[in-house]
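Chain letters run A, B, ... following the sequence lines, proteins first, then strands; residues in each count from 1.
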Number of protein chains: 2
Amino acid sequence: MNKGRVTVIDIAHAAGVSKSTVSLVLQGSSLVNEATRAKVNAVIRELGYVYNRGAANLRQAKSKIVGIVVNDLTNSFFAELAVGVDMVVQSAGYVQFLSNTGESIDRQREVVASMREHGISGLIVSPARGTEAADFKSLTNAGMPVVIVVRNIPGAKVSSLVSDNFAGASAAVEHLAGLGHRRIAFMGGFANTAVFAERLGGYRDALAKAAIAFDDDLVVATAPSRAGGVEAVGRAMLLAHKPTAAVCFNDAVAFGVCDGLRARRLEPGVDFAVVGFDDVIEAESAVPALTTVSVDPQGMGRRAAQLLLKQINSGKVEAEAIVSAVRLVVRQSCGAGLDITARRVVS
Amino acid sequence: MNKGRVTVIDIAHAAGVSKSTVSLVLQGSSLVNEATRAKVNAVIRELGYVYNRGAANLRQAKSKIVGIVVNDLTNSFFAELAVGVDMVVQSAGYVQFLSNTGESIDRQREVVASMREHGISGLIVSPARGTEAADFKSLTNAGMPVVIVVRNIPGAKVSSLVSDNFAGASAAVEHLAGLGHRRIAFMGGFANTAVFAERLGGYRDALAKAAIAFDDDLVVATAPSRAGGVEAVGRAMLLAHKPTAAVCFNDAVAFGVCDGLRARRLEPGVDFAVVGFDDVIEAESAVPALTTVSVDPQGMGRRAAQLLLKQINSGKVEAEAIVSAVRLVVRQSCGAGLDITARRVVS
DNA sequence: GACAAAATTTGGAACGTTCCAAATAATTGT
DNA sequence: ACAATTATTTGGAACGTTCCAAATTTTGTC
């Protein structure tokens with residue numbers, strides 16, 4: 001009425017109690033009498049009071065805000081990751097600051113700084129390419145819980161949650177080899193990233209186990225996107241000795257590979273086997289349904305959030321490195337599920 | 001060192017000035033002498049001071065935070081929208097709270113309330129299905145700038161930014177009719193939404209203009225997703241008198257329709273024409289490249305953010321309804337671009 | 001009805017910043 | 001050298017909450 005904002009003091013006045021009592025009611029304290037609680041709540045509704053968390057944070061220390069920064073929100077893998085985080089964070093009564101860096105390391109620095117100023121009490125980050133361990137130094141020094149997801153930063157003293165890239169790629173190759181393929185390509189991804197190295201490692205390992213010689217020509221690095229997939233098939237099909245199957249860096253690449261195959265009148269799952277990585281939501285409903293290594297981005301987001309909340313609540317910031325198991329989901333694009341209904345193989 | 005957090009007072013102490021001076025430096029005021037400014041900045045860096053925006057907001061009133069809530073972050077249309085918002089908001093020195101409602105109206109209420117408590121100074125919302133004008137009443141009463149995007153809420157006294165759904169759908173069928181199609185279906189989308197009604201309206205209008213009779217069987221409503229698209233072709237192909245073309249509710253549906261066609265050994269763009277709506281980023285690189293009505297989600301996000309910032313800065317909250325023009329981007333999936341390289345038609 | 005114990009309520013004093021009015025220092029004109 | 005400016009700096013007093021210690025009220029017991 002008077003100034004504009006309704007404060008706890010206005011409520012106290014109107015309800016005939018002290019501001020301390022109103023505060024107690026706000027926090028759901030059991031100290032306050034049932035009758036006064038009801039009275040206060042009634043007044044709160046009546047005056048349209050809105051709680052000022054900023055003021056509260058000034059006094060307390062625990063802020064109910066977590067930050068999440070992803071490197072490419074446009075990629076549905078990360079969008080789902082963010083949704084997963086949002087779910088658990090929200091039901092824990094927290095709210096999330098989300099920012100997109102678009103792989104820019106400067107942007108990343110800016111948004112992390114900004115989030116800090118806003119008093120986040122924890123941070124989940126899928127780091128932009130080129131992020132270094134030192135970039136998290138000041139965060140950890142300040143005792144801020146940080147969880148790195150998807151891409152690990154060697155040497156960073158923070159918790160991390162990455163999927164088992166080696167085992168996943170390995171399982172994919174093993175499956176393909178089991179179907180009789182001998183010319184198996186590795187398509188997509190930027191070669192200078194840790195994730196690429198891990199997946200490529202699994203690929204080579206499984207190749208060796210299946211007694212297939214590694215051929216450098218068959219690993220074709222491109223952008224980890226749909227367009228990159230199209231490009232990758234293009235390059236691979238120029239080879240004298242063409243591949244008959246591909247394990248792709250991620251699902252986006254795999255979809256691009258399917259597109260590229262069709263543009264060449266080859267039907268994925270029939271004329272050429274393709275396996276993806278990530279198991280994004282569209283993988284199941286695509287035609288042909290994509291055989292892929294399931295890392296369950298949403299579930300990963302949820303786990304990351306739980307890990308972060310655990311750290312926030314416990315107060316201890318001891319780093320924990322979790323590598324999350326993956327499993328190969330066999331659908332149609334590898335040519336294995338043509339006759340039988342899609343079945344699942346646990347790796 | 002002593003307590004934990006470094007405050008403006010610690011800086012003042014260490015630099016041998018008053019807290020007021022430090023505050024002035026922080027705000028980049030021109031009142032302060034160059035030498036002291038340098039001194040203070042040095043100390044700030046040295047002590048690793050982090051600005052406490054919460055405390056500042058308590059005193060000021062303008063918070064540098066905007067909220068954005070979308071109904072389905074998993075859909076890349078909305079993800080890109082969010083990225084667009086983030087871009088302009090970030091470069092204006094703001095930070096965004098982003099939340100996903102997953103079409104849940106309860107969740108929407110919760111997150112909006114939470115954002116308010118955190119002191120956002122404006123809100124961009126792509127409302128969940130079933131949102132009513134009354135839901136924004138308390139926001140507008142409090143003088144909070146609100147911009148509704150994508151889906152309009154009739155009767156809400158807030159600004160809105162929606163695309164010209166009628167014109168877009170209309171242009172799509174006009175194009176298809178021009179290519180000789182007479183059995184044009186409308187596929188995907190939930191029938192009880194405003195956006196659906198508008199696009200369907202454009203579809204019927206153009207049909208009438210082309211002297212094609214409207215056939216109820218040809219509008220097949222499904223979920224506005226890839227899976228929905230697959231389902232839609234399935235239903236449409238059961239008809240005695242099958243369609244030869246489809247304008248789809250959105251690009252996700254269109255991709256699903258392509259999938260469904262292929263599952264039936266029909267090649268999109270050759271045996272059947274499909275036109276999407278939205279022009280998501282993958283539309284261009286898909287094979288065949290998707291002919292679609294371009295609404296430029298990222299650009300829309302940017303415009304929404306600009307509109308919101310304008311309102312925040314001007315202090316006036318007069319509602320402004322913008323319907324943003326769309327244009328048909330002709331690529332391959334409609335069968336028109338087979339011989340010539342992709343060209344663009346402005347509607 | 002008096003006393004102790006339990007239940008409830010309540011004034012400050014923070015929290016870390018900004019803003020205002022006023023104080024102090026540096027510069028200028030005469 | 002002195003007043004008049006102009007340029008800088010500076011103590012409080014907010015902002016809206018929580019927390020503590022202490023005050024008040026209620027309840028229970030004999």
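When the side-chain nitrogen and oxygen atoms of A:S23 are compared with OP1 and OP2 of D:dT18, one or more of them lie within a distance under 4.0 Å. In this model, the phosphate group of C:dT10 is approached by a side-chain N or O of A:T21 to a distance below 4.0 Å at OP1 or OP2. Listed pair A:T36 / C:dT9 meets the phosphate criterion, a side-chain N or O lying under 4.0 Å from OP1 or OP2. Considering only side-chain N and O atoms, A:Q27 lies under 4.0 angstrom from the phosphate OP1 or OP2 of D:dC19. Put simply, B:S20 has no side-chain N or O that comes within less than 4.0 Å of OP1 or OP2 on D:dT10.
One N or O on the side chain of B:Q108 and one on the backbone of B:A128 form a donor-acceptor pair closer than 3.5 Å. At least one donor-acceptor pair under 3.5 Å links the side chain of A:T140 to the backbone N or O of A:F136. With hydrogens and angles ignored, the 3.5 Å screen pairs no side-chain donor or acceptor of B:N313 with any backbone N or O of B:K310.
What separates CG of A:L26 from C1' of D:dG16 is a distance of 11 Å, to the nearest Å. The distance from atom NE2 of A:H13 to atom C1' of D:dG16 is 15 Å, rounded to the nearest whole Å. D:dG16 atom P lies 12 Å from atom CG of B:N57, rounded to whole Å. In this structure, A:H118 places its NE2 atom 14 Å from C1' of C:dT17, rounding to the nearest Å. To the nearest angstrom, P of C:dT17 lies 16 Å from NZ of B:K62. Atom CG in A:N52 sits about 18 Å away from atom P in D:dA14, given to the nearest Å. The distance from atom CD of B:E34 to atom C1' of C:dA25 is 18 Å, rounded to the nearest whole Å. Distance, B:K19 NZ to D:dA13 P: 11 Å, rounded to whole Å.
Within the 4.0 angstrom heavy-atom criterion, only backbone atoms of the sugar-phosphate kind lie near A:T7; the bases stay farther away.
In terms of polar N and O atoms assigned as donor or acceptor, the side chain of B:R59 comes within less than 3.5 Å of the base of C:dT18 in a complementary pairing.
Out of C:dT8, D:dG11, C:dT17, the shortest distance to the side chain of A:L31 is found at C:dT8. Nearest to the side chain of A:V32, among D:dT18, D:dT10, C:dT9, sits C:dT9.
Each of A:N52, A:L47, A:V50 was checked for a side chain to side chain contact (heavy atoms under 4.5 Å, CB included) with A:V6, and the lone residue meeting it is A:L47.
Along DNA chain D, the nucleotide nearest B:N33 and the nucleotide nearest B:L58 are compared for position; the residue whose nucleotide lies closer to the 5' end is B:N33. Between B:Y51 and A:S30, the one whose closest nucleotide on DNA chain C sits nearer the 5' end is A:S30.
Using bins of under 30°, 30° to 60° and over 60° for the plane-to-plane angle, the ring pair A:H118/A:F97 lands in the tilted bin.
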